[in-house]
**Student:** 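I have a structure I would like to understand better, so I am pasting it below and will then ask my questions one at a time.
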Number of protein chains: 2
Amino acid sequence: MQEVNDIDAGETLTQRQRDVLDAVLRQMVEEGDRLTMTSVARRARCSKETLYRWFGDRDGVLTATVQWQASKVRAGTYDSQHLDVAALRESLESFAIAWLEVISSETSIALNRVAVAHAGSGKSNLGRIVLANGRFAIGERLKPVLEAGRKAGLLAFEDAEETFRTFFGLVGRDVQIRLLLGDDMKMTAATIRQEASWATSQFLSLHGAKPPATEPRIRAL
Amino acid sequence: MQEVNDIDAGETLTQRQRDVLDAVLRQMVEEGDRLTMTSVARRARCSKETLYRWFGDRDGVLTATVQWQASKVRAGTYDSQHLDVAALRESLESFAIAWLEVISSETSIALNRVAVAHAGSGKSNLGRIVLANGRFAIGERLKPVLEAGRKAGLLAFEDAEETFRTFFGLVGRDVQIRLLLGDDMKMTAATIRQEASWATSQFLSLHGAKPPATEPRIRAL
DNA sequence: ACCGAACCGTAACGTACGGTACGATTGGTG
DNA sequence: CACCAATCGTACCGTACGTTACGGTTCGGT
């Protein structure tokens, strides 16, 4: 059981340990919840004794894996300088693309399934870790963009948190819950780009300070 | 193992069987995934032999429970006659309220957790059953409302499915994933009403055929 | 009253899996 | 080479749980 259940923590690992955690991720993706300590050890070609020495117990393995994956997802920050409407739109849209790519990736789906199941079992840091590194992390990274847009007179809103939640909803819609429940919707790169573009247009239509001008009210299919 | 994994199927149960499934639901809510056949039998005050005779195996119990819960959630249909903008807004908003109430209920959260976990374990009808009775069922019930609104000249959109997905996203935002991952956000009746109202305003702002007139572009907090 | 079916409560079985122990192997260091 | 620490592979243990079996009980039909 790791003592850290917050962000970061994933840098004090040896290369070998990271390889093991990558093996855990592959096992999660391929075998779902048939994730036993024995299967992990076999997949990672290490002994169970090593797993227990490094991570304490099964929960420690899961926790370390979630944090390891989270540390890999840190996307680049978006500059909030010299914003014009095109740059703002670009920032929002690339944000939406990145998020859709994450939640539709096999790894994220497998990880979230484990975390959701774990959250149902009483004491569950896993769910909170996933939330902290997923939903809340992107919120904290996007809110400065929103506030910069407001300061530049491009966006109009009162509460950045609520406004981010709206953007979150417009981008994600039903994608994550459908994927978690096993719907095999195909989120191709083209689909993701298309939906991110729509979501951004809709968001700007709702919160753009100026009338959206050329934004179509009826989405073109 | 039940042979029906579609909608309906929950009417051919005896009262005693429904009581047993209600006990399973309570067990799910209170004990999470600590749902063993023994605990179910004890809670339902029936024998395990009866559970196996009625439902086949553990999966059969879970499947029957999901279908039983689904059969209880059938909400009233919304009339699509004589729509004016107030009636349309009322329909959308009550839809949003009903959906937020469902996804924030303890029962739904527990059920969705089980279904998500199950979807990770290869063969999983559970996830599809939950999707069919949740996300897709409300989609099929709301789309006629949307199309009636368009026919009445109150809404403008091209694809009812995509438009429903937008409404779905505006209503649900980050609520379901946060609750599934164990975030104890408090969705009070007042909060639900407030968020449903916002979502409806935003949706009408995006897809209302006439300019939204009195709808505020900046959401009032 | 009698019978059989359904059901209850509980014991028992087999297996899967988390966790531990231990000998064998590897690799680095003097 | 000798030595030591870390790790591997595997066998083992204890337990939890799905599933089955069975004796006792309830209850509707005749």
Side-chain angles (χ1 to χ4, degrees), chain A residues 1-3 12-24 26-28 30-66 68 110 113-115 117-118 120-126, chain B residues 1-2 12-28 30-66 68 110 113-115 117-118 120-126:
Chain A
M1 187 89 65
Q2 301 289 88
E3 68 283 358
T12 63
L13 298 171
T14 69
Q15 184 54 47
R16 173 72 177 131
Q17 287 171 327
R18 296 175 195 189
D19 293 341
V20 169
L21 294 183
D22 279 329
V24 179
R26 289 198 305 275
Q27 186 76 6
M28 273 187 190
E30 293 178 19
E31 303 295 333
D33 70 343
R34 253 83 51 101
L35 185 110
T36 77
M37 297 298 278
T38 301
S39 71
V40 166
R42 184 168 45 230
R43 159 84 67 158
R45 280 216 284 263
C46 71
S47 70
K48 285 206 285 181
E49 185 173 6
T50 300
L51 291 179
Y52 282 100
R53 178 181 344 263
W54 285 350
F55 306 109
D57 58 6
R58 187 174 185 273
D59 261 26
V61 174
L62 264 42
T63 302
T65 303
V66 169
W68 166 234
R113 280 186 180 140
V114 172
H118 208 263
S121 321
K123 48 180 59 177
S124 66
N125 292 339
L126 277 193
Chain B
M1 189 90 65
Q2 304 287 88
T12 62
L13 298 171
T14 68
Q15 184 55 44
R16 173 74 178 130
Q17 287 171 326
R18 296 176 196 190
D19 292 342
V20 168
L21 294 182
D22 279 330
V24 178
L25 284 174
R26 288 198 305 275
Q27 187 76 7
M28 274 188 190
E30 293 178 20
E31 304 294 332
D33 70 343
R34 254 84 51 101
L35 186 110
T36 77
M37 297 298 278
T38 302
S39 71
V40 166
R42 185 169 45 232
R43 159 84 70 156
R45 279 214 286 260
C46 70
S47 72
K48 288 203 277 184
E49 183 174 5
T50 300
L51 292 179
Y52 282 99
R53 170 168 10 248
W54 285 349
F55 306 111
D57 57 7
R58 186 173 186 275
D59 260 26
V61 174
L62 264 42
T63 303
T65 303
V66 169
W68 166 233
R113 281 188 180 138
V114 171
H118 208 263
S121 325
K123 48 180 60 177
S124 68
N125 292 339
L126 277 193

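Below, read A as the first sequence line, B as the second, and so on, with proteins coming before strands; counting in each chain starts at 1. These numbers come from the heavy atoms of this one structure, side chains and all, not from hydrogens, waters or symmetry mates.
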**Student:** Please report the shortest heavy-atom distance between Arg58(B) and Leu35(B), naming the atom on each side.
**Tutor:**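 Distance-wise, the nearest heavy atoms are NH2-O, 2.9 Å.
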**Student:** Considering only heavy atoms and no angle criterion, is a donor-acceptor pair shorter than 3.5 Å present between the side chain of Lys48(B) and the base of dT19(D)?
**Tutor:**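 Yes, the side chain and the base share a sub-3.5 Å donor-acceptor pair.
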**Student:** Taking CD from Glu31(A) and P from dA16(C), how many angstroms apart are they, rounded to a whole number?
**Tutor:**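 Nearest whole value for this atom pair: 15 Å.
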**Student:** Please determine if Arg43(B) and Glu31(B) form a salt bridge, counting it only when a charged side-chain N lies under 4.0 Å from a carboxylate O.
**Tutor:**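 Between Glu31(B) and Arg43(B) there is no salt bridge, as every charged N stays at least 4.0 Å from the carboxylate O atoms.
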**Student:** Report the distance from atom CZ of Arg34(A) to atom C1' of dG18(C), rounded to the nearest whole Å.
**Tutor:**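 Nearest whole value for this atom pair: 18 Å.
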**Student:** Between Arg53(B) and dA6(C), does any side-chain N or O lie under 4.0 Å from OP1 or OP2?
**Tutor:**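 Result: no.
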**Student:** Would you mind reading off the distance between Met37(B) atom CE and dG14(C) atom P, rounded to a whole angstrom?
**Tutor:**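 Whole-Å distance recorded here is 20 Å.
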**Student:** Could you state the atom-to-atom distance from CG of Asp59(B) to C1' of dG18(D) in whole Å?
**Tutor:**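 Atom CG in Asp59(B) sits about 11 Å away from atom C1' in dG18(D).
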**Student:** Can you measure Asp33(A) atom CG to dA16(C) atom P for me and round it to whole angstrom units?
**Tutor:**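 Distance check: Asp33(A) CG to dA16(C) P gives 15 Å.
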**Student:** At less than 4.0 Å, is any side-chain N or O atom of Trp54(A) found next to OP1 or OP2 of dA6(D)? Yes or no.
**Tutor:**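 No, because none of the side-chain N or O atoms of Trp54(A) sits under 4.0 Å from OP1 or OP2 of dA6(D).
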**Student:** Specify the residue among Ala41(A) and Ser47(B) whose closest nucleotide of DNA chain D lies further upstream toward the 5′ end.
**Tutor:**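 With Ala41(A) and Ser47(B) compared, the 5'-side residue is Ala41(A).
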**Student:** Apply the side-chain contact (heavy atoms from CB on, under 4.5 Å) test between Trp54(A) and each candidate in Val61(A), Leu21(A), Val20(A); give the one that qualifies.
**Tutor:**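 When Val61(A), Leu21(A), Val20(A) are each tested with Trp54(A), the side-chain contact (heavy atoms from CB on, under 4.5 Å) holds only for Val20(A).
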**Student:** Would you kindly compare Tyr52(B) and Glu49(B) by the position of their nearest DNA chain D nucleotide and give the one closer to the 5′ end?
**Tutor:**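 Between the two, 5'-proximity favours Tyr52(B).
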**Student:** side-chain contact (heavy atoms from CB on, under 4.5 Å) for Phe55(A) and Thr63(A)? Distances and angles first, verdict last.
**Tutor:** CA-CA 9 Å; Phe55(A) 306 109; Thr63(A) 302; over 6 Å; no
**Student:** Nearest nucleotide by nearest heavy atom, which residue falls closer to the 5' end of DNA chain C, Arg45(B) or Thr36(A)?
**Tutor:**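 Residue closer to the 5' terminus by nearest nucleotide: Arg45(B).
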**Student:** Would one find a side-chain N or O of Thr50(A) under 4.0 angstrom from OP1 or OP2 of dT7(D)?
**Tutor:**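 No, no such contact exists.
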**Student:** Nearest whole Å is fine: how far is dG9(D) C1' from Leu51(A) CG?
**Tutor:**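 Rounding to the nearest Å, CG of Leu51(A) and C1' of dG9(D) are 13 Å apart.
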**Student:** What is the separation between atom CD on Gln17(B) and atom C1' on dC7(C), rounded to the nearest whole Å?
**Tutor:**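 Taking CD of Gln17(B) and C1' of dC7(C), I get 12 Å after rounding.
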**Student:** Atom CG of Leu35(A) to atom C1' of dA16(C): distance rounded to whole Å?
**Tutor:**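 Rounding to the nearest Å, CG of Leu35(A) and C1' of dA16(C) are 14 Å apart.
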**Student:** When you check the phosphate oxygens OP1 and OP2 of dT26(C), does a side-chain N or O of Arg16(A) lie under 4.0 Å from one of them?
**Tutor:**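 No, because none of the side-chain N or O atoms of Arg16(A) sits under 4.0 Å from OP1 or OP2 of dT26(C).
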**Student:** Judged by modelled atom types alone, do Ser39(B) and Gln27(B) share a side-chain donor-acceptor pair under 3.5 Å?
**Tutor:**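 Short answer, yes.
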